[in-house]
Amino acid sequence: NAFSEFLEDLPDVDEPVWILGACYDLKTKKSELLSDVRSRLWFTYRKKFSPIGGTGPSSDAGWGCMLRCGQMILAQALVCRHLGRDWRWDPEKRQPKEYHRILHCFLDKKDSCYSIHQMAQMGVGEGKSVGEWYGPNTVAQVLKKLALFDDWNTLAVYVSMDNTVVIEDISKISVDSLQFKNSVSVAKQTPHLQSQRPLDWRPLLLVIPLRMGINSINPVYIQAFKECFKMPQSCGVLGGKPNLAYYFIGFIDDELIYLDPHTTQQAVDTESGSAVDDQSYHCQRTPHRMKITSLDPSVALGFFCKSEEDFDSWCDLVQQELLKKRNLRMFELVEKHPSHWPPFVPPTKPEVQTTGAEFIESPDKLFESEEEFEILNV
């Protein structure tokens, strides 16, 4: 079958395969590796869904690949949140109800929280016309905004700025703001109770947009980049080649393993609350690979921290593996909000004015280059 061909085709090295923080020895864990890759939610181009905004496109073929990759990184965070990293999809078995509820968040219809419809229309606020190609930073900003409307998952989405992750700012969005206000007023009234009740931590999707070079990835970052896939909090990476977005889930030796959204499938129509016909949402074919050196330098790293302890553990790993061992750092991790930055304002639900009807640009505008990133010092 396709997967055994993939395994035979793998480089003949003694190194293990790493997939989203899990390690597989090819000699003994082939079937477990297959099961893990196949269990990831796979979102691709779809056709024949209801037109976006009522008058827009009814397929995202040719322009929606980075949006689909954004859906995959977010879906991975939700699977870890509700089902755990060790959950596996078995087409022969009934899936837990949370699994179907996660899938419903991504169906191609306007009332699904993270549908292509919602993402494309929220992108209008980021300066992108519906049908325009997105880079990894824009799609991360869109996910951050859409998560504010998602009352079920209460996910905090943090997108770093200027290659810098600020621990203080993450604490502000991961502690439930209403609860934080209440705790402050309670503390004023009852100072002796101040330290008794810990504040709940909202599960955190941390996205770090980077540019690891000018026209191609600078080799000095490759080892640190690979280390990100070894972290238990790894949620994958958004990236690819110019105008071709992929969702990277792991590596072996000097090759990245990724899920490819560039397959056009029929939209799946499901009544809300019912089980989804999910066969087409899992990649049951050969996983794709590409040389790390072929990667476009614009990427967004993803990490999911379910609890505050999980985030603290991620910070420790970053310090040990990425900051202390490397001459050139991929990104910085700082305790306090930099004083020369504008004040940090936790995101709130935007007033969405768009109907999505202000559509589609001419095709030659669809493939403008990625938005500006600060170039890492090289």
Side-chain angles (χ1 to χ4, degrees), residues 18-23 36-37 39-43 68-89 96 98-99 101-103 105-106 113-114 136-137 139-148 150 152-160 165-167 169-176 200-210 225-239 246-251 257-259 299-319 321-322 330-331 333 347:
W18 284 90
I19 302 286
L20 300 172
C23 181
D36 193 351
V37 173
S39 297
R40 300 312 107 219
L41 283 171
W42 178 50
F43 297 118
R68 297 301 184 179
C69 292
Q71 288 180 327
M72 286 190 262
I73 207 169
L74 187 72
Q76 178 58 21
L78 298 186
V79 165
C80 290
R81 162 140 172 48
H82 293 286
L83 306 172
R85 175 65 185 89
D86 297 330
W87 168 82
R88 295 294 178 264
W89 178 70
E98 291 87 357
Y99 164 82
R101 196 163 174 190
I102 290 168
L103 258 184
C105 293
F106 297 94
C113 190
Y114 302 108
N137 185 42
V139 90
Q141 299 296 341
V142 165
L143 292 176
K144 179 174 80 173
K145 288 184 175 176
L146 287 178
L148 299 167
D150 177 5
W152 175 46
N153 292 297
T154 60
L155 199 65
V157 179
Y158 175 86
V159 183
S160 68
V165 174
V166 182
I167 294 170
D169 297 347
I170 285 174
S171 299
K172 282 181 183 166
I173 63 165
S174 290
V175 172
D176 187 8
D200 288 338
W201 174 273
R202 290 163 61 202
L204 170 72
L205 174 60
L206 172 57
V207 185
I208 307 174
L210 297 176
F225 186 62
K226 287 160 73 169
E227 287 297 331
C228 294
F229 291 105
K230 296 183 181 180
M231 295 179 179
Q233 299 83 1
S234 172
C235 213
V237 172
L238 303 176
Y246 303 132
Y247 173 49
F248 295 97
I249 56 171
F251 73 91
I257 297 169
Y258 63 92
L259 295 178
V299 297
L301 314 178
F303 301 96
F304 175 71
C305 302
K306 189 168 185 177
S307 62
E308 190 166 13
E309 296 73 29
D310 207 9
F311 176 61
D312 291 343
S313 155
W314 178 82
C315 290
D316 291 343
L317 274 173
V318 167
Q319 289 288 0
E321 298 301 325
L322 301 190
M330 283 207 302
F331 60 88
L333 179 64

Looking only at non-hydrogen atoms, find the nearest pair between Trp201 and Ser171 and report the distance. CZ3-CA, 4.4 Å
Side-chain donor/acceptor of Arg40 to backbone N/O of Gln76, under 3.5 Å: no
Distance in Å, Met72 CE paired with Arg68 CZ, rounded so as to fall on 0.5 Å steps: 9.0 Å
Value for CG (Leu301) from CZ (Phe248), rounded to nearest 0.5 Å, stands at 12.0 Å
Is the shortest heavy-atom distance from the side chain of Ser234 to the side chain of Trp18 under 4.5 Å? no
Between Arg202 and Val175, is there a donor-acceptor pair closer than 3.5 Å when you use the side chain of the first and the backbone of the second? no
Atom pair SG (Cys235) and CZ (Arg85), whose distance is rounded to the nearest 0.5 Å: 9.5 Å
Applying side-chain contact (heavy atoms from CB on, under 4.5 Å), run through Ile208 and Met330 and close with a yes or a no. CA-CA 10 Å; Ile208 307 174; Met330 283 207 302; over 6 Å; no
Would you say Trp152 and Cys113 make side-chain contact, with heavy atoms under 4.5 Å? no
Check: Leu83 main-chain N/O paired with Glu98 side-chain donor or acceptor under 3.5 Å: no
Please report the interatomic distance CG(Leu205) to CG(Leu74), rounded to the nearest 0.5 Å. 6.0 Å
Heavy-atom side-chain proximity of Leu317 to Lys230 below 4.5 angstrom: no
Check: Gln71 side chain, Tyr114 main-chain N or O, donor-acceptor pair, under 3.5 Å: yes
For Pro347 and Leu148, work out which heavy atoms get closest and say how close. O-CD2, 3.7 Å
Heavy-atom nearest pair, Ala140 first then Val207, reads CB-CG1, 3.7 Å
Are Ile73 and Leu143 close enough, and set up right, to give a side-chain contact (heavy atoms from CB on, under 4.5 Å), and what steps lead you there? CA-CA 10 Å; Ile73 207 169; Leu143 292 176; 4.1 Å; yes
Which atom of Leu238 lies closest to which atom of Gly70, heavy atoms considered: CD2-N, 3.8 Å
Take Cys69 and Val139 through the test side-chain contact (heavy atoms from CB on, under 4.5 Å) and record every step on the way to the result. CA-CA 9 Å; Cys69 292; Val139 90; over 6 Å; no
Counting N and O atoms only, with roles assigned by atom type, does the side chain of Lys306 sit under 3.5 Å from a partner on the main chain of Arg81, one being a donor and the other an acceptor? yes
Quick one: does any side-chain atom of Ser39 pair with a main-chain N or O of Trp89 as donor and acceptor, under 3.5 Å? yes
With the side chain counted from C-beta on, respond yes when Phe251 and Phe225 share a heavy-atom pair under 4.5 Å apart, and no when they do not. no
With a 4.5 Å heavy-atom cut-off, do Cys228 and Val237 have their side chains touching? no
Among Tyr246, Trp42, Phe229, whose ring-ring contact (aromatic ring centres under 6.0 Å, His included) with Tyr258 holds? Tyr246
Report the distance from atom SG of Cys305 to atom CG of Asp312, rounding to the nearest 0.5 Å. 9.0 Å
I'd like to check the salt bridge (Lys or Arg N to Asp or Glu O under 4.0 Å) partners of Arg88; sequence neighbours left out, ordered by chain and number. Asp36
Would you say that Val79 contacts Phe304 through its side chain, given a criterion of any heavy-atom pair below 4.5 Å between the two side chains? no
Tell me, please, which residues at least two apart from Asn153 pass side-chain hydrogen bond (donor to acceptor under 3.5 Å, both in side chains). His82, Asp150
Between OH on residue Tyr158 and CG on residue Asp169, distance to nearest 0.5 Å: 5.0 Å
Start with the C-alpha gap between Leu78 and Leu41, add the side-chain angles, then the distance that decides, and say whether side-chain contact (heavy atoms from CB on, under 4.5 Å) holds. CA-CA 10 Å; Leu78 298 186; Leu41 283 171; over 6 Å; no
